[in-house]
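Worksheet: one structure, shown below.
Note that the numbering runs from 1 along the sequence shown for the chain.
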Amino acid sequence: MTNTSMILRTKKVLSKLVKRNSPFVDGAVIFGEAEDGLPMAWNLKRKDSPNIIIWDKLVGQGLKILKVIAEFIFRYQRNTQMEFIVLTVNPEEWGELNKYGMGMSGDTSCIGIIPFYSDLADKVLSGLARWSTETHKGTKHPVILLIDGMENLTKVDKSFKDHFRCILDIGRRKNVYVVGTVNRDNFSKVQDWLYGFQQEIYGQDAIDLFEIMIEKEIIYFVVPETELI
């Protein structure tokens with residue numbers, strides 16, 4: 001299949017992809033469509049569910065995947081109590097989420113769109129790290145930390161970095177997961193964090209085209225359009 005024909009497939013909206021492949025397990029998150037038409041899904045109910053890093057080749061590639069994840073959770077996984085947090089230096093790029101409602105009341109999937117260098121970001125990371133280290137009788141519903149631009153971690157203080165490292169180290173045991181984006185040119189800025197990611201997605205020359213290594217095979221996929229994008 002040529003890159004051009006694969007790019008054309010991005011015209012399939014997320015709702016059609018979901019309808020064609022329903023029902024999904026409660027912990028499933030869709031973020032794309034593989035070359036064979038099947039969804040690229042991430043099952044957070046599995047104990048070996050990965051943290052994911054997305055390497056941008058073109059500006060905005062990883063952001064599209066983060067928005068698809070947010071859209072899918074809002075529209076198709078609200079009843080599972082799955083939640084997510086967005087950490088970004090560009091909160092205005094996420095303004096579309098306001099139509100769904102946001103907050104920490106439990107009535108929404110999105111805890112918040114949080115600026116990177118804010119006091120709130122420190123408090124949220126501290127809370128997630130503390131949850132990950134504490135002993136609890138039950139298991140927390142999945143929380144996904146979506147990091148829009150991991151290279152910004154070079155500018156945060158030591159406490160913030162310590163909390164993030166704790167989340168990478170043991171967060172998955174408590175259903176706290178990380179999906180981060182970074183431009184390939186910024187490899188040196190994030191290499192100290194790469195040990196905490198079990199899966200990588202690589203952007204290609206087309207904005208909607210990606211590849212992923214699964215069991216030593218390269219699988220090409222595209223990110224579906226959503227109402228958010």
Side-chain angles (χ1 to χ4, degrees), residues 6-7 9-46 48-78 80 82-88 93-94 96-97 100 109-110 113 142-150 171-172 175-184 196-204 206-215 217-229:
M6 291 184 70
I7 295 166
R9 291 170 59 189
T10 62
K11 299 305 178 183
K12 296 181 179 180
V13 296
L14 180 61
S15 59
K16 291 182 179 178
L17 182 60
V18 170
K19 183 178 180 180
R20 194 167 67 238
N21 295 279
S22 292
F24 293 100
V25 298
D26 287 346
V29 177
I30 288 179
F31 54 81
E33 180 183 26
E35 193 171 0
D36 57 8
L38 295 176
M40 298 298 297
W42 181 34
N43 186 356
L44 301 186
K45 287 295 181 72
R46 292 183 51 173
D48 60 347
S49 298
N51 292 326
I52 302 172
I53 189 165
I54 306 164
W55 297 97
D56 288 352
K57 189 170 185 180
L58 302 175
V59 175
Q61 283 184 318
L63 179 60
K64 289 177 70 68
I65 290 183
L66 298 188
K67 287 188 174 183
V68 169
I69 290 173
E71 177 83 10
F72 179 79
I73 295 172
F74 267 128
R75 294 177 63 187
Y76 301 104
Q77 291 286 31
R78 293 189 73 122
T80 67
M82 185 183 299
E83 297 177 320
F84 67 91
I85 302 161
V86 178
L87 190 61
T88 178
E93 292 186 349
W94 291 84
E96 307 99 314
L97 295 183
Y100 291 101
S109 306
C110 183
I113 311 299
V143 175
I144 306 172
L145 178 60
L146 302 177
I147 302 183
D148 180 17
M150 281 190 50
R172 292 190 301 148
N175 283 354
V176 179
Y177 302 91
V178 180
V179 183
T181 71
V182 63
N183 189 285
R184 292 186 189 183
F197 293 88
Q198 295 74 42
Q199 189 163 292
E200 296 177 282
I201 295 174
Y202 295 88
Q204 300 298 296
I207 187 66
D208 296 303
L209 184 61
F210 296 82
E211 69 178 31
I212 186 172
M213 295 289 292
I214 299 180
E215 296 180 356
E217 293 185 4
I218 298 177
I219 297 177
Y220 289 91
F221 69 97
V222 293
V223 174
E225 290 182 347
T226 74
E227 291 183 2
L228 278 174
I229 297 174

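Q198 places a side-chain N or O within 3.5 Å of a backbone atom of N51 that can act as its donor or acceptor partner. Proximity of a side-chain donor or acceptor of Y177 to a complementary backbone N or O of S49 within less than 3.5 Å is not detected. Under the 3.5 Å distance criterion, the side-chain polar atoms of R75 are left unmatched by any main-chain donor or acceptor of L14. A donor-acceptor pair under 3.5 Å is absent between the side-chain atoms of T181 and the main chain of D148, judged by distance alone. For R184 (side chain) and Y202 (main-chain N/O), no donor-acceptor pair under 3.5 Å exists by modelled atom type. For the pair D56 (side chain) and G62 (backbone), a donor-acceptor distance under 3.5 Å is present.
The shortest distance between side-chain heavy atoms of F24 and I30 falls below 4.5 Å. In this structure the side chain of L63 reaches within 4.5 angstrom of the side chain of W94, judged on heavy atoms. With contacts defined as side-chain heavy-atom distances shorter than 4.5 Å, the pair T226/F72 does not qualify. Using a 4.5 Å cut-off on side-chain heavy atoms (C-beta onward), E211 and Y220 make contact. Here the side chains of L44 and I144 are in contact, with some heavy-atom distance below 4.5 Å.
Taking CG from D208 and CD from E33, the interatomic distance works out to 11.5 Å, rounded to the nearest 0.5 Å. Between atom CD of residue Q204 and atom CG of residue L58 there is a gap of 9.5 Å, rounded to the nearest 0.5 Å. Distance CD1/I65 to CG/L146: 11.0 Å, rounded to 0.5 Å. The distance from atom CG of N175 to atom CE of M82, rounded to the nearest 0.5 Å, is 9.0 Å. Taken to the nearest 0.5 Å, the NZ atom of K64 stands 7.5 Å off from the CZ atom of F210. Atoms CD1 and CH2, from I69 and W42 in turn, are 5.5 Å apart once rounded to the nearest 0.5 Å.
The nearest pair of heavy atoms linking G32 to P224 is CA-CD, 3.5 Å. Closest of all the heavy-atom pairs between F31 and V223 is O-CG2, 3.8 Å. Here the shortest heavy-atom pairing between K57 and G203 reads CB-O, 3.5 Å.
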Margin query: Could you walk me through whether I54 and Q61 satisfy the side chain to side chain contact (heavy atoms under 4.5 Å, CB included) test, starting with their C-alpha distance in whole Å, then the side-chain angles of each, then the deciding distance to 0.1 Å, before giving a yes or no?
Written below: CA-CA 8 Å; I54 306 164; Q61 283 184 318; 5.8 Å; no
Note to self: Using the rule given for side chain to side chain contact (heavy atoms under 4.5 Å, CB included), can you reason through V176 versus L145, listing the C-alpha separation, both sets of side-chain angles and the distance that settles it, and then say yes or no?
What the structure shows: CA-CA 7 Å; V176 179; L145 178 60; 5.6 Å; no
Check: Stepwise, does the side chain to side chain contact (heavy atoms under 4.5 Å, CB included) test hold for V182 with W55?
Finding: CA-CA 5 Å; V182 63; W55 297 97; 3.4 Å; yes
Next item on the list: Carefully, step by step, assess E200 and M213 under the rule side chain to side chain contact (heavy atoms under 4.5 Å, CB included).
Entry: CA-CA 7 Å; E200 296 177 282; M213 295 289 292; over 6 Å; no
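With sequence neighbours left out, I219 forms a side chain to side chain contact (heavy atoms under 4.5 Å, CB included) with A34, M40, I212, I214.
The aromatic ring centroids of F84 and F74 lie less than 6.0 Å from each other.
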